[in-house]
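Naming: A, B, ... by sequence-line order, numbering from 1 per chain.
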Protein chains: 2
Amino acid sequence: MKKITIKQLAAELGVSISTVSKSLHNSPEISQETREKVQAFAKLYNYRPNNIALSLKNKKTKTIGVIIPEVVHHFFAMVVRGVEQVAMERGYNVLISLSNESFEKEVINMETFADSLIGGFILSLSKETLKKQDYHHINQTIEQGMPVVLFDRTVPEINCDKVIVNDEQGAQLATQHLLDQNRKNILLITTEDYISVGRLRTQGYVKALQQAGISLDNGLIIKTEDTQRSDIILPILEDELRTTLKAYPQIDAIFAVNEIYAAAAMRVIREFNLRVPDDISLICFTDGVISKYATPPLTTVNQHGTQIGIEAANLLIDRIEGENSEVKPLTKVVACEIVKRHST
Amino acid sequence: MKKITIKQLAAELGVSISTVSKSLHNSPEISQETREKVQAFAKLYNYRPNNIALSLKNKKTKTIGVIIPEVVHHFFAMVVRGVEQVAMERGYNVLISLSNESFEKEVINMETFADSLIGGFILSLSKETLKKQDYHHINQTIEQGMPVVLFDRTVPEINCDKVIVNDEQGAQLATQHLLDQNRKNILLITTEDYISVGRLRTQGYVKALQQAGISLDNGLIIKTEDTQRSDIILPILEDELRTTLKAYPQIDAIFAVNEIYAAAAMRVIREFNLRVPDDISLICFTDGVISKYATPPLTTVNQHGTQIGIEAANLLIDRIEGENSEVKPLTKVVACEIVKRHST
DNA sequence: TACTAACACTATAACGTTTTCGCATTGTTT
DNA sequence: AAACAATGCGAAAACGTTATAGTGTTAGTA
């Protein structure tokens, strides 16, 4: 049984299209009797309005689009969860689409979405976009009046609502946590600076050391090229770790900016027959499954992904509904929190 | 700058709507000169056609919808990756939506999608749906002529293309792998039987034992209630594990039907001061991040999620494009493979 | 009786496209 | 010179819906 339209219903019932439409909307213009008849028929034929036609007419949909760089990333999954939550509460639907860290896919996704299947965007920039520093597709979308909320990986060149993690504070917290346990020689595993979160986390680390009056040793900072292919990057990182651990036997703690790096660190630590946390404390960003189910479970910096999703969705829906159309772009900062487990 | 329409372009240029449309499509009906002028203007005003209007007209979109129960699940993430891959190749867009293992959300998602934003579905049933055994929303969608491909969590009551993991074979392989290493007392951690994959994996385990001439001991099978909330279920599981390990000190291998259960097993094994793989071999389904980054890295059963996504997308797009509209529903089976690491 | 008001419904425009058909204005053939 | 084809463009329908502005019938009022 194919989908039925109002027109077909009208023909079947011998009334006009208008009458059917109004009956279905319970317009008082139509007699009780007709309304009931129409509604009964509609139910019988399993009528449901064609959303495309509705969108075309109303020029807006109750759908919000989320573009994230990856699905496998726990943090993004959590953000999506938060977005879903408030979307459901406020009567919106969520569609997700992946950029796979690619600039081109990000542009394509924006375009398909922007052709107004969507009332607004929530997105986190792909690594490639950050590297290219090309934001025309996003600014263009914003100029066309489409509300956009950026989260986590944001950039000052784009003028819109933003929800960011307080990466610097989180890193400071993590470093402080290690310092509190009397660890003085803390190795930092981070990413190249063009990833803003990597840069900020490095800053937090530096700040915490400064405050503790410990002088910075650049040999204790490993910066990795942050590509997609962890199979390529990890062996390189592990090699660097080996070299550094040999060069700095006094290292008594490691702070990794993500779980994967922490897992690599863990592996090398075992190779050296050192113990976590007895010989080396280990802490990392992202409170995900790797940390949770590692042995020992890892102490982490929780970025409250769900909370970020919630804030982002509320910001976006407010814009869509024109609640704050006059207000200029807001930036919300979500604080990090240490989740203490057994690696520190 | 708001979005511009063909109508506005036409007014600006002083020609008709038809001329603009045809010029943009490079119709030979229109003179070279006019075409160039129109196209120049279109570029200038950054014109891009309104997809909604197109969909309404063409009654089909080049978009496929994927509904998965969860994002955090590594296997689903992999399937999405596969779908994305062939979709890109064949010129389709992918939209993802989450059921969060809820029947109601699944229904809502189907409805929003089915209202023809979408040319077809790829989906894996939510746990709640499997429990309720209510598939009306899916069968209804199929009846309306919308192509649907089910993957992984499928059900005979729905008559459509399917791509399934050979769970039984995978479990048999895993069990055999343990038997090959001379482990005779294999503990199985699985889910209740209403989850079809749990049931099939249990069957594979049983079959492998039979073939090896080992009699089945039901005390060596732990069945857990498979809820969303792992924080609730895991302590219970760990308790059961402790009891079983005490009752059966001869256990020399554990086969878990997912990574989380394997992680729980790992924890309890350490508690008992046993070593992996020396005292107890450990193998599990799902070749995800937990296994990959555990210490020691776990031997797993890889379900080739990406491959499943690829098969599903091809099946779906073939249907959409009517390539095989006469062919009756197909079921493709994707074999599992053991990924040997250091836990066995 | 004549006018108005209420009622119950219909016609139609509009949203942005594509496409078929039709209509001038040319140029080409006998 | 008359018929005809080719060229270049416009008008209008269609997709499914909603909303505004009619339209005709009946009933009520003065």
Visitor: Would you say the side-chain atoms of A:Asn314 and A:Arg90 include a donor-acceptor pair closer than 3.5 Å?
Guide: yes

Visitor: Is the ring pair B:His73/B:Phe76 parallel, tilted or perpendicular, if the boundaries are 30 and 60 degrees?
Guide: perpendicular

Visitor: To the nearest angstrom, how far is A:Arg35 atom CZ from C:dC9 atom C1'?
Guide: 13 Å

Visitor: Between the base of D:dT20 and the side chain of A:Lys22, is there any donor-acceptor pair under 3.5 Å?
Guide: yes

Visitor: At under 4.0 Å between heavy atoms, what does A:Ser31 touch on the DNA or RNA strands: base, sugar-phosphate, or nothing?
Guide: sugar-phosphate

Visitor: How long is the line joining CG of A:Leu9 and C1' of D:dG16, in whole Å?
Guide: 12 Å

Visitor: Is the shortest side-chain N to carboxylate O distance from A:Glu101 to A:Arg153 below 4.0 Å?
Guide: yes

Visitor: Tell me the interatomic distance from A:Lys57, atom NZ, to C:dA14, atom P, rounded to whole angstroms.
Guide: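 Interatomic distance, NZ of A:Lys57 to P of C:dA14: 10 Å.
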
Visitor: With a 4.0 Å cut-off on N to O distance, would you call B:Lys162 and B:Glu311 a salt bridge?
Guide: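 Salt bridge absent between B:Lys162 and B:Glu311.
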
Visitor: How is A:Leu56 classified with respect to the nucleic acid when contacts are heavy atoms under 4.0 Å: base, sugar-phosphate, or nothing?
Guide: base

Visitor: For the pair made of CD1 in B:Ile52 and P in D:dG16, what is the distance, rounded to whole Å?
Guide: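 Rounded to whole Å, this separation is 15 Å.
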
Visitor: Would you mind checking if A:Lys105 and A:Glu128 are paired as a salt bridge, meaning a charged N to carboxylate O distance below 4.0 Å?
Guide: no

Visitor: Can you find a side chain N or O atom of A:Thr34 that sits less than 4.0 Å from OP1 or OP2 on C:dC9?
Guide: yes

Visitor: Between B:Glu33 and A:Ser18, which residue's closest nucleotide on DNA chain D lies nearer the 5′ terminus?
Guide: B:Glu33

Visitor: Just the rounded figure in Å: distance from C1' of D:dT18 to CD1 of A:Ile6.
Guide: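 Roughly 8 Å, once rounded to whole Å.
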
Visitor: How long is the line joining CD1 of A:Ile30 and C1' of D:dT23, in whole Å?
Guide: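 About 14 Å, once rounded to whole Å.
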
Visitor: Which part of the nucleic acid, if any, lies within contact of A:Thr5, taking any heavy atom under 4.0 Å across all strands shown: a base, the sugar-phosphate backbone alone, or nothing?
Guide: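 Here A:Thr5 touches the backbone only, sparing every base.
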
Visitor: Can you check the A:Leu13 CG to C:dC9 P distance for me, whole Å?
Guide: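 About 12 Å, once rounded to whole Å.
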
Visitor: Whole angstrom is fine here: how far is it from CG in A:Asn50 over to C1' in D:dC15?
Guide: 9 Å

Visitor: Return no unless some side-chain N or O of A:Ser16 is found under 4.0 Å from OP1 or OP2 of C:dA11.
Guide: no

Visitor: Using a 4.0 Å heavy-atom cut-off, does B:Lys7 contact any base of the nucleic acid, only the sugar-phosphate backbone, or nothing at all?
Guide: sugar-phosphate

Visitor: Looking only at side-chain atoms of B:Glu29, point me to the closest of D:dC15, C:dC9, C:dT20.
Guide: C:dT20

